[in-house]
2 protein chains.
Amino acid sequence: MLELMRNWRPQPSTAFYKKQPESSELGRRIISEGLIFMQEIGFEAFTFKKLADRLQTTEASVYRYFENKHHLLLYYMSIYWLWLEYHLTFGLHNLPEKDSKLNKALDMITRPDQLNWALSDLSFDHLLNLVVTEWGKIYFTSQIDKEEQAGLFADYKRFCKRLSKLIAQSHPHYPYPNTLVSTAMNMLFVQRFYADHLPSLTDLTQNDIRITDFIKNLVNGALQNPTA
Amino acid sequence: MLELMRNWRPQPSTAFYKKQPESSELGRRIISEGLIFMQEIGFEAFTFKKLADRLQTTEASVYRYFENKHHLLLYYMSIYWLWLEYHLTFGLHNLPEKDSKLNKALDMITRPDQLNWALSDLSFDHLLNLVVTEWGKIYFTSQIDKEEQAGLFADYKRFCKRLSKLIAQSHPHYPYPNTLVSTAMNMLFVQRFYADHLPSLTDLTQNDIRITDFIKNLVNGALQNPTA
DNA sequence: ACTACTAAATAGTATTACTATTAACTTTGT
DNA sequence: ACAAAGTTAATAGTAATACTATTTAGTAGT
């Protein structure tokens, strides 16, 4: 598996960019420096002008690669989903019991820091921090329908669908598998955000490993409890 | 109770505005027209310039009342919480059993459209729509710590704390009452948003009354299921 | 009638997000 | 070898946005 990962890299779809950033030195620098920078100053304050200054290039050059800064944010998000999906595929392989598959999956998604990150040019910490702080701005935008149409949410949707199917298989009578999965996924990021900024809204602390317990209890509880 | 409401109006704290909007004709028009307009064109597209044009006044005049458009959004949010809290207080009064109190509360927050709205100048539908579409931008902003400091999130925090206490009383051994409550509150808005824009991520449809069943099952399931 | 205060309009500025065009450099075919 | 074709990025913009400083008009109290 580690062997495999050496040659494997998440390749976000062409929908995210105008010019493939992996194809040039500047493109690669936009991706790697952009992540650090966007996480540092926040999505609103982040502009292509500022990034260009930092890269010693120009605003227009950055616009050659990405249509706007939101597409760049979604590009990062895509990398996250592709990476997590890759791990999930291998992690669940050959696990026979459906119930243990779901719980293994919950372990993996709630403790992503325990999984192998092999993208030397991108910092996992920066990526996770970015997702946590900007979660509300990723899939909750005024451009939602247009961006959805363009396929920019495909990775997130596919990932959720995969988990919902695990639930549908192990608990065929539970009526809300998709709702339950999207609830869990949202809470992974929202509760971390609350721990950092609105601690009175959560019982968890920063990087609290009890997030796994909370999510597992939530999901398993919902599945075992009768619905109307 | 209906008698009482005739003389009662949610009064957001002074932290939200520079000049009390209820104190002048223009101020009141900013609130009522602003809600409709912001909901119509979305928070990003909404500007004080455009609102001023619509009100046949000037940008600068609007800025006399609100520091920026985010404060106006939070002002609306405050009205929502104050109104819901008012109903909760009366609705739970004299209900003896703690367990039924929690379930009554869940009924109320999941079906706010069933509660009495008595603000003739503000449309409940517009307010709920605004909250649903802009939820991600309300408490997940780059200004979070500053706004928190200014007390702009006090209503939301107080409301959640109230519900957490119900849980802590009925289920004193459950370790995540605050996390569970903020999960439920988030899902009220996020799942509606998904129903509208990313339907594959939820099993609910627009205005689906099963949101009550989903949330009750989720909360009660979590409380009955053992944690680590 | 004079002062004090409130309300709202005028006229700005700095920044932002984004685009059109041009220049420089590489690669490729003959 | 060398011109055509393609790639990459710089120059130089624009329209819109968020926000402010200053001025004018109106109203209330003494």
Side-chain angles (χ1 to χ4, degrees), chain A residues 14-34 37-38 40-76 134 137-138 141-144 146-147 150 152, chain B residues 14 16-34 37-38 40-75 134 137-138 141-144 146-147 150 152:
Chain A
T14 57
F16 294 101
Y17 50 79
K18 292 203 289 192
K19 185 178 295 262
Q20 159 85 272
E22 300 289 338
S23 73
S24 79
E25 179 55 26
L26 179 64
R28 284 186 292 271
R29 291 205 302 141
I30 287 171
I31 300 302
S32 61
E33 276 292 305
F37 193 43
M38 192 187 281
E40 268 176 18
I41 67 172
F43 182 71
E44 282 104 322
F46 176 92
T47 71
F48 280 174
K49 174 80 170 63
K50 290 179 192 164
L51 176 62
D53 288 350
R54 198 170 150 130
L55 294 176
Q56 311 242 52
T57 180
T58 63
E59 207 182 355
S61 302
V62 181
Y63 274 105
R64 305 226 125 231
Y65 292 87
F66 291 94
E67 210 164 307
N68 54 52
K69 63 179 181 173
H70 197 249
H71 280 219
L72 178 57
L73 176 61
L74 289 169
Y75 181 93
Y76 291 131
E134 313 301 352
K137 291 154 217 156
I138 297 177
T141 139
S142 57
Q143 301 293 303
I144 174 105
K146 213 172 82 188
E147 292 185 342
L152 302 183
Chain B
T14 58
F16 294 100
Y17 50 79
K18 293 202 289 191
K19 183 179 296 260
Q20 158 85 274
E22 300 289 338
S23 73
S24 80
E25 179 55 26
L26 180 64
R28 284 186 292 272
R29 292 205 302 141
I30 287 171
I31 300 301
S32 61
E33 276 291 305
F37 193 42
M38 194 188 278
E40 269 177 17
I41 67 171
F43 182 71
E44 283 105 322
F46 176 92
T47 71
F48 279 174
K49 174 80 171 62
K50 290 178 192 164
L51 176 62
D53 288 349
R54 197 170 149 130
L55 295 175
Q56 311 241 53
T57 180
T58 62
E59 207 181 352
S61 301
V62 181
Y63 274 105
R64 306 222 125 233
Y65 292 87
F66 291 94
E67 209 164 306
N68 53 52
K69 62 180 182 173
H70 198 248
H71 280 220
L72 178 58
L73 176 62
L74 289 169
Y75 181 92
E134 313 302 350
K137 292 153 214 157
I138 298 176
T141 139
S142 56
Q143 302 293 303
I144 174 103
K146 212 171 81 187
E147 293 185 341
L152 302 183

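Just so it is clear, the model here is predicted, and its values are computed rather than measured.
- For A/Lys69 and A/Phe43, the positive end sits near the middle of the six-membered ring, less than 6.0 Å away and at most 45° from its axis.
- Spacing between atom CZ of B/Phe48 and atom P of D/dT20 amounts to 11 Å, rounded to whole angstrom units.
- The phosphate of C/dC18 has neither OP1 nor OP2 within less than 4.0 Å of any side-chain N or O from A/Lys69.
- Enclosure of atom NZ in B/Lys137 by more than 12 non-hydrogen atoms of other residues, nucleotides or ligands within 6.0 angstrom is indicated.
- Distances shorter than 4.0 Å separate some side-chain N or O of B/Tyr65 from OP1 or OP2 on C/dA8.
- Nearest nucleotide to the B/Leu26 side chain, out of C/dA8, C/dA9, C/dT16: C/dA8.
- As judged by a 4.0 angstrom heavy-atom cut-off over every strand, B/Thr57 is placed among residues touching the sugar-phosphate backbone only.
- Checked by atom type and distance alone, the side chain of B/Tyr17 never pairs as donor or acceptor with a backbone atom of B/Leu72 at under 3.5 Å.
- At a threshold of 4.0 angstrom between heavy atoms, the contacts of B/Lys49 with the nucleic acid are absent.
- Using a 4.0 Å cut-off, some side-chain N or O of B/Lys19 falls inside it from OP1 or OP2 of C/dA7.
- Side-chain atoms of B/Arg64 lie closest to D/dT22 of the nucleotides C/dT21, C/dT19, D/dT22.
- Between B/Arg54 and B/Glu33, some side-chain heavy-atom pair lies under the 4.5 Å cut-off.
- Atoms NZ (B/Lys50) and P (D/dC19) sit 14 Å apart, rounded to a whole Å.
- The side chain of A/Ser24 lies closest to D/dA9, out of D/dT20, D/dA9, D/dG13.
- For the atom pair B/Leu73 CG and B/Glu134 CD, the distance stands at 6.5 Å (nearest 0.5 Å).
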Intermediate values then yes/no, side-chain contact (heavy atoms from CB on, under 4.5 Å), B/Ile31 and B/Tyr65: CA-CA 10 Å; B/Ile31 300 301; B/Tyr65 292 87; over 6 Å; no

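- Between the side chain of B/Glu67 and the base of D/dC19, no donor-acceptor pair of N or O atoms lies under 3.5 Å.
- Regarding B/Glu25, its CD atom lies at a distance of 15 Å from the C1' atom of C/dT6, rounded to whole Å.
- At whole-Å resolution of the value, NZ in B/Lys18 and C1' in C/dA7 are 13 Å apart.
- As rounded to whole Å, 15 Å separates atom C1' of D/dA16 from atom CD of B/Glu44.
- The distance between atom CD1 of B/Ile30 and atom P of C/dA7, rounded to the nearest whole Å, is 11 Å.
- Separating the CD atom of B/Glu59 from the C1' atom of C/dG12 is a distance of 11 Å, rounded to the nearest angstrom.
- Under the 3.5 Å distance criterion, the side-chain polar atoms of B/His71 are left unmatched by any main-chain donor or acceptor of B/Leu152.
- Contact check, B/Ser61 against C/dA9: a side-chain N or O comes under 4.0 Å of OP1 or OP2.
- Looking at the side chain of A/Ala60, the nearest of the listed nucleotides C/dT16, D/dA21, D/dA12 is D/dA12.
- The residue A/Thr58 sits close to a base: some heavy atom pair falls under 4.0 Å.
- For B/Lys50, the side chain to side chain contact (heavy atoms under 4.5 Å, CB included) criterion is met by B/Phe37, B/Ile41, B/Ala45, B/Thr47, not counting sequence neighbours.
- Here D/dC19 presents its C1' atom at 5 Å from OH of B/Tyr63, a figure rounded to the nearest Å.
- End-to-end axis angle of the helix from C/dA1-D/dT30 to C/dT30-D/dA1, from C1' rotation axes over five pairs per end: 10° (rounded to 10 degrees).
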